[in-house]
Amino acid sequence: MWSSIILLLLLSAATVFVVKSKPRHRSSYSQEDAGNQQSQITPQYAASAYKQKWMFTTREKDAFNQLEPIVKEYGYRLFAKVRLFDLITPVESHTKYKSNLYRIQAKHVDFVVTKENLVAKFVIELDDSTHDREDRKQRDQFVDTVLTACGYKVLHVRTINRDEILHFLRS
């Protein structure tokens with residue numbers, strides 16, 4: 001009996017040793033690893049690994065410049081490229097909390113119109129021909145459904161039409 005207990009303890013210790021010494025794969029990359037790497041990054045590495053890019057496409061910049069004076073007439077403010085996670089958050093007690101979090105974490109909307117007190121009210125999506133693709137239609141439907149369920153009004157436009165925007169802001 002004692003030999004069985006000792007054998008069991010040795011096997012348990014060996015298993016712990018093997019698990020702890022096993023190299024971690026990319027799939028087990030943790031937030032701790034990310035934090036350690038962030039603190040160890042050098043300017044030279046950063047300059048070789050990242051590059052600056054334009055924040056807006058020409059089309060998005062033109063739309064922003066057209067929208068801004070329209071929303072200002074109503075005392076609203078305009079923000080661009082807002083993460084969904086800045087507008088909504090998953091309910092932590094929901095059974096699919098993690099899935100719900102992952103579904104929104106990498107998505108953004110083109111424009112958000114807020115009241116003067118910076119409370120978001122309207123979302124404007126600038127659509128182009130890519131929004132005709134089935135995968136993009138599904139993405140848009142998901143985003144629209146979630147935003148609408150959370151109390152936002154959503155408008156999809158191909159071009160900025162002053163009358164259409166004014167009607168939307170009045171609704």
Side-chain angles (χ1 to χ4, degrees), residues 24-39 41 45-46 49-72 74-162 164-171:
R24 293 196 303 188
H25 297 285
R26 191 161 182 78
S27 62
S28 63
Y29 185 80
S30 69
Q31 290 288 16
E32 183 181 325
D33 295 331
N36 290 339
Q37 286 186 354
Q38 287 174 9
S39 64
I41 193 168
Y45 176 84
Y50 301 97
K51 66 179 185 175
Q52 190 177 49
K53 72 178 249 186
W54 293 102
M55 185 173 169
F56 297 111
T57 65
T58 302
R59 191 164 176 270
E60 290 168 333
K61 191 173 11 174
D62 290 344
F64 183 89
N65 288 330
Q66 291 173 335
L67 280 170
E68 192 172 38
I70 298 169
V71 302
K72 279 185 177 180
Y74 282 86
Y76 292 140
R77 293 186 179 185
L78 183 65
F79 293 85
K81 292 203 176 192
V82 177
R83 298 178 316 153
L84 272 185
F85 202 69
D86 293 326
L87 297 171
I88 59 176
T89 190
V91 175
E92 288 184 33
S93 61
H94 192 277
T95 56
K96 294 187 177 183
Y97 169 75
K98 289 267 187 180
S99 296
N100 295 337
L101 174 70
Y102 298 146
R103 288 185 81 183
I104 67 167
Q105 74 178 6
K107 291 180 174 65
H108 76 274
V109 294
D110 295 319
F111 303 104
V112 172
V113 179
T114 72
K115 295 180 178 181
E116 194 63 34
N117 62 0
L118 302 180
V119 173
K121 186 172 181 178
F122 303 102
V123 174
I124 300 173
E125 287 281 68
L126 183 62
D127 292 351
D128 58 15
S129 61
T130 64
H131 289 260
D132 297 333
R133 294 189 335 236
E134 191 55 38
D135 64 322
R136 191 60 190 211
K137 286 179 184 178
Q138 290 173 3
R139 181 255 183 218
D140 288 346
Q141 183 174 356
F142 166 76
V143 170
D144 292 356
T145 300
V146 171
L147 289 172
T148 302
C150 291
Y152 296 99
K153 295 180 180 179
V154 181
L155 175 67
H156 287 262
V157 297
R158 298 267 177 165
T159 60
I160 303 302
N161 176 299
R162 179 181 175 74
E164 183 180 19
I165 300 299
L166 289 173
H167 178 72
F168 177 63
L169 294 176
R170 287 187 209 122
S171 64

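Scanning both residues, Asp110 and Leu126, for their nearest heavy atoms gives OD2-N, 2.8 Å. Across all non-hydrogen atoms, the minimal contact from Asp144 to His156 is OD2-NE2, 2.8 Å. When all heavy atoms of Tyr74 and Arg170 are compared, the pair lying nearest together is OH-NE, 2.8 Å. Across all their heavy atoms, Tyr97 and Val91 have their closest contact at CD1-O, 3.3 Å.
Considering OG of Ser99 and NE2 of His94, their distance stands at 9.5 Å, rounded to 0.5 Å. Note that OH of Tyr76 is 11.0 Å distant from CD of Glu116, once rounded to the nearest 0.5 Å. Note that CD1 of Ile70 and CG of Leu166 are 6.0 Å apart. Values are rounded to the nearest 0.5 Å. Once rounded to the nearest 0.5 Å, the distance linking CD of Glu60 with OG1 of Thr58 reads 9.5 Å. The distance from the NE2 atom of His167 to the CG atom of Asn161 is 11.5 Å, given to the nearest 0.5 Å. With values rounded to the nearest 0.5 angstrom, Glu164 atom CD is found 10.5 Å from Leu169 atom CG.
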Worksheet item: Where do Phe142 and Ile104 land on the side chain to side chain contact (heavy atoms under 4.5 Å, CB included) test, with the steps shown first?
Response: CA-CA 10 Å; Phe142 166 76; Ile104 67 167; 4.0 Å; yes
Practice prompt. Evaluate side chain to side chain contact (heavy atoms under 4.5 Å, CB included) for Val113 paired with Leu78, printing each intermediate quantity in order.
Written response: CA-CA 5 Å; Val113 179; Leu78 183 65; 4.0 Å; yes
Fill in: Step-by-step side chain to side chain contact (heavy atoms under 4.5 Å, CB included) determination, Leu155 to Phe122
CA-CA 8 Å; Leu155 175 67; Phe122 303 102; over 6 Å; no
Item to complete: Applying side chain to side chain contact (heavy atoms under 4.5 Å, CB included), run through Val157 and Asp127 and close with a yes or a no.
Response: CA-CA 6 Å; Val157 297; Asp127 292 351; over 6 Å; no
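Within a 6.0 Å radius of OH in Tyr45, no more than 12 heavy atoms belonging to other residues, nucleotides or ligands are found. The neighbour count for His131 NE2, taken as heavy atoms of other residues, nucleotides or ligands under 6.0 Å away, is above 12. The neighbour count for Lys61 NZ, taken as heavy atoms of other residues, nucleotides or ligands under 6.0 Å away, does not exceed 12. For Glu92, the CD atom counts as loosely surrounded, since its 6.0 Å shell holds 12 or fewer non-hydrogen atoms of other residues, nucleotides or ligands.
Partner of Leu84 under the side-chain contact (heavy atoms from CB on, under 4.5 Å) criterion, chosen from Thr89, Val143, Val146: Val143.
When atom types are taken as modelled, the side chain of Lys81 and the backbone of Met55 share a donor-acceptor pair closer than 3.5 angstrom. A donor-acceptor distance shorter than 3.5 angstrom exists from the side chain of Tyr152 to the backbone of Leu87, with no hydrogens or angles considered. When atom types are taken as modelled, the side chain of Asn100 and the backbone of Pro90 share no donor-acceptor pair closer than 3.5 angstrom.
We find that Asp135 and Arg139 are not joined by a salt bridge, their nearest charged nitrogen and carboxylate oxygen being 4.0 Å or further apart. A salt bridge links Asp132 to Arg158: one of the charged nitrogens lies within less than 4.0 Å of a carboxylate oxygen.
Considering only heavy atoms from C-beta on, Asn65 stays 4.5 Å or farther from Phe56 through its side chain. Counting heavy atoms from C-beta outward, Ile165 and Ile124 have side chains that approach closer than 4.5 Å.
Ring pair Phe64/Phe111 is tilted by interplanar angle, where 30° to 60° counts as tilted.
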